[in-house]
Amino acid sequence: MPVTEAPAPARLLPLYGADNLPAHAALHGPPPYAAAGTLIQTLADAGLAGHGGAAFPVHRKMTAVAQAGRRGGRKPVVVGNGAEGEPASEKDKTLLRRAPHLVLDGLQLAAAAVGAGEVQLAVEEGTGLPAALQNAVNRRARAGIDLLPVRIAEVPRRFLSGESSALAERLSGRAALPRHPEPPVRERGVGRAPTLVQNVETLAHLALVARYGAQWFRSVGTGEEPGSMLCTVYLAGREPEVVEAAYGTPLRRLLLLGQGDPAQAVLVGGYHGAWIPAAHAVRLRLSVADLTPFGAAPGAGVLAALPADRCGLAETARVLRYLALQSAGQCGPCLNGLPRIAAAFAELAAPGGAGGPERIAVVRGDIARWSGLVEGRGACHHPDGTVRLVRSALTAFAGEADCHAAGYCRATDHTPLLPIPEGSRR
Ligand SMILES: Cc1cc2nc3c(=O)[nH]c(=O)nc-3n(C[C@H](O)[C@H](O)[C@H](O)COP(=O)(O)O)c2cc1C
Ligand code: SF4
């Protein structure tokens, strides 16, 4: 496959300081409300897909919400999803700190395009963001920029808080737990109104497409996957960094594969993502097309390079324990299955554990079987995403599992690479 170097655009993260409304206005001008009537078609032409993980086409969801509003005679609600429940992701918080007005412009433009009567922006509690964003909203109100008042809503620090139905539940005054997928949030969400939930990065791109058009958006990225995305990049021995990369950028460039400390595998897409052996990753680009054959996707942009001297099984076991604890405990297969899988994986990750090679063979079989039993059996995709990570780890670290069965681990450095929130509990 030919690998082309894609340029690193700087569309979303401006160089001026946080919440600088005059600098934002000088750079981009006011939100182009006059374009709202044709915005959905422009987004279709641009090919903008969501940045919350699933890459769903934005124009299709906006069309569905606008239609549901007209059908039911109820004005929709628009929600900016800044919950960023994924512990390894920093891109939404970084965007909200550095370019809050781009997100707030996007919220207003999306609301105008779908005929919404209410706008909310959900962010994680305890981050300082709710107060900072309230200040930004107040400043805009004084400048008369917004068409609708924006309510800043705080959500708990949990993996599932940003799942769209959990978010709609929370914003409707209930616990932030996923609910049955029918009827979908786009038809009945916050306060039972049709609700458009878009990731905050999606809204920032939307605000730029409304101003500069579809061709401008398509001037970076690939033909099938236009535009750019924010990524949180983990390299051993460094602080995680948020970078903006065009779709199609080689992973080796983002993760410095083949330079300095050799990597054995890369994690793509976060804790619901997949491990890919570095020997393959070095030839892949940041794109759905390249990553799908490995069961991976760019998702919400978490990228991590696991150095050769670490244990991928131990790293995965820590993440699985966290994910099992994050189950909302509403669906049997998820509530019972994920802790079992996590416990079995922890056994696999402990070299020379209790029963030797025979026991490890049983454990590997159990993990594979239980994974099949939980997949597709939850009200939300939490079990499916968790199983994706499990399966990719069993493949990418099969050699390490053989070593553990033989009673030893090749890792010489046991420093964790991926972050797990302290005191994680259900
Ligand atoms: C378990 C789970 C957790 C999620 N967490 C987030 C999140 O923290 N932030 C987010 O934007 N989307 C999250 N999503 C995706 C949302 O459900 C929803 O699809 C997204 O916010 C829609 O925005 P987008 O189309 O702009 O990507 C999560 C999905 C699942 C299944
Ligand atoms: S699948 Fe798991 S996380 Fe999702 S709603 Fe059911 S119990 Fe909760």
Side-chain angles (χ1 to χ4, degrees), residues 43 48-62 64-65 78-93 95-96 103 106-107 110 120-124 127 155-171 175-181 184-186 189 195-207 209 227 229-230 232 269-273 297-302 322-339 341 373-389 426:
L43 293 168
L48 177 64
H51 287 262
F56 191 79
V58 175
H59 71 281
R60 281 178 48 199
K61 194 158 48 172
M62 288 177 74
V65 170
V78 173
V79 176
N81 190 350
E84 199 163 45
E86 160 80 56
S89 184
E90 286 292 323
K91 57 117 181 159
D92 290 339
K93 286 182 269 294
L95 175 67
L96 287 166
V103 176
L107 263 177
Q120 305 210 24
L121 176 55
V123 283
E124 189 183 291
T127 52
V155 299
R157 187 181 197 201
R158 296 198 58 230
F159 191 81
L160 292 166
S161 290
E163 194 274 338
S164 57
S165 69
L167 195 54
E169 287 293 288
R170 172 74 174 195
L171 302 187
L177 298 177
R179 65 154 167 79
H180 193 276
V185 170
R186 61 178 182 275
T195 299
L196 177 72
V197 177
Q198 298 284 184
N199 172 260
V200 287
E201 183 189 345
T202 313
L203 291 167
H205 286 290
L206 179 151
V209 172
M229 65 185 289
L230 295 178
T232 314
Y271 295 174
H272 276 180
V302 172
Y322 164 76
L323 290 175
L325 287 170
Q326 293 298 305
S327 162
Q330 306 183 115
C331 316
C334 181
L335 171 66
N336 300 314
L338 296 192
I341 293 171
L373 290 176
V374 302
E375 197 175 22
R377 306 263 320 274
C380 79
H381 291 301
H382 186 48
D384 309 347
T386 305
V387 163
R388 186 178 309 125
L389 183 75
R426 178 171 297 151

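Worth knowing before you read on, the calculation uses all heavy atoms, side chains too, and leaves out hydrogens, waters and symmetry mates. Because the structure is predicted, anything quoted here is derived from the model rather than measured. Just so you know, ligand 1 is whichever comes first in the structure, and atom 1 is the first atom listed for that ligand.
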Query raised in the report: Among protein heavy atoms, which sits nearest to atom 11 (O) of ligand 1, and what does the distance come to when rounded to 0.1 Å?
Result: N199 ND2, 2.9 Å
Query raised in the report: Any protein heavy atom lying closer than 4.0 Å to atom 9 (N) of ligand 1?
Result: yes
Requested in this report: Could you tell me whether any N, O or S atom belonging to C331 is less than 2.8 Å from atom 2 (Fe) of ligand 2?
Outcome: no
Requested in this report: Would you mind listing which atoms of ligand 2 come within a distance below 4.0 Å of any non-hydrogen atom of S327?
Outcome: 2 (Fe), 7 (S)
Query - E86 N/O under 3.5 Å from ligand 1 N/O - result: no
Query raised in the report: Can you tell me the protein heavy atom closest to atom 26 (O) of ligand 1 and the distance?
Result: T202 OG1, 2.7 Å
Query - Nearest option to atom 27 (O) of ligand 1, as decided by whichever heavy atom of A55, G378, G52, G82 sits closest - result: G52
Report summary line: The atoms of ligand 2 lying under 4.0 Å from a heavy atom of P383, numbered in the order shown, are 1 (S)
Query - Top protein contact for atom 1 (C) of ligand 1, by heavy-atom distance - result: L160 CD2, 3.4 Å
Query raised in the report: Can you tell me if K61 has a non-hydrogen atom under 4.0 Å from ligand 1?
Result: yes
**Report entry** Closest approach of P181 to A379 (non-hydrogen atoms, all atoms of both residues)
**Finding:** CD-O, 3.5 Å
Requested in this report: Would you mind telling me if ligand 1 is within reach of the side chain of N81, the backbone, both or neither, using heavy atoms under 4.0 Å?
Outcome: both
Requested in this report: Starting from atom 16 (C) of ligand 1, locate the nearest protein heavy atom and write down its residue, its atom name and how far away it is, to 0.1 Å.
Outcome: G162 O, 3.6 Å
Query raised in the report: Out of H382, H272, E163, whose heavy atom sits nearest atom 29 (C) of ligand 1?
Result: E163
Requested in this report: Find all atoms of ligand 2 within a distance of less than 4.0 Å from any non-hydrogen atom belonging to G378, and give their numbers and elements.
Outcome: 1 (S)
Requested in this report: Would you mind checking which non-hydrogen protein atom is closest to atom 4 (Fe) of ligand 2, with the distance to 0.1 Å?
Outcome: C380 SG, 2.3 Å
**Report entry** Heavy-atom nearest neighbour in the protein, as seen from atom 2 (Fe) of ligand 2, with distance rounded to 0.1 Å
**Finding:** C334 SG, 2.3 Å
Query raised in the report: With H272, which of R388, E86, H381, H382 fulfils side-chain hydrogen bond (donor to acceptor under 3.5 Å, both in side chains)?
Result: H382
Query raised in the report: What is the nearest protein non-hydrogen atom to atom 8 (Fe) of ligand 2, stated with its residue, atom name and distance?
Result: A328 CB, 2.9 Å
Report task. Report yes or no: does L160 have a heavy atom closer than 4.0 Å to ligand 2? Result -> yes
Query raised in the report: Under 4.0 Å from ligand 1, counting heavy atoms only, is it the side chain of Q198, its backbone, both or neither?
Result: both
Report task. Check T232 against K91 and note the closest heavy-atom contact, atom names and distance. Result -> OG1-N, 3.4 Å
Report summary line: Per-atom filter on ligand 2: closer than 4.0 angstrom to a heavy atom of P178 are 5 (S)
Requested in this report: Check ligand 2 against A379 and write out every atom of the ligand that is under 4.0 Å from a heavy-atom position of the residue.
Outcome: 1 (S), 5 (S), 6 (Fe)
Report task. Check each heavy atom of Q330 against ligand 2 and say whether those closer than 4.0 Å belong to the side chain, the backbone, both or neither. Result -> both
Requested in this report: With C380 as reference, evaluate P178, S164, C331 under the side chain to side chain contact (heavy atoms under 4.5 Å, CB included) test and give the passing residue.
Outcome: P178
Report task. Give the C-alpha distance, both sets of side-chain angles, the deciding distance and a yes or no for ring pair (Phe, Tyr, Trp, His ring centres under 6.0 Å) between H205 and H51. Result -> CA-CA 9 Å; H205 286 290; H51 287 262; 4.5 Å; yes
**Report entry** ligand 1 versus D92: contacting region, heavy-atom distance under 4.0 Å
**Finding:** neither
Requested in this report: Answer with yes or no whether the side chains of E84 and S89 bring together a donor and an acceptor at under 3.5 Å.
Outcome: yes
Requested in this report: Ignoring angles and geometry beyond distance, decide whether A54 reaches within less than 3.5 Å of ligand 1 through its nitrogen or oxygen atoms.
Outcome: no
Requested in this report: For H51, take its heavy atoms, then give the atoms of ligand 1 lying under 4.0 Å from any of them.
Outcome: 26 (O), 27 (O)
**Report entry** Distance from atom 17 (O) of ligand 1 to nearest protein heavy atom, with residue and atom
**Finding:** S164 N, 2.9 Å
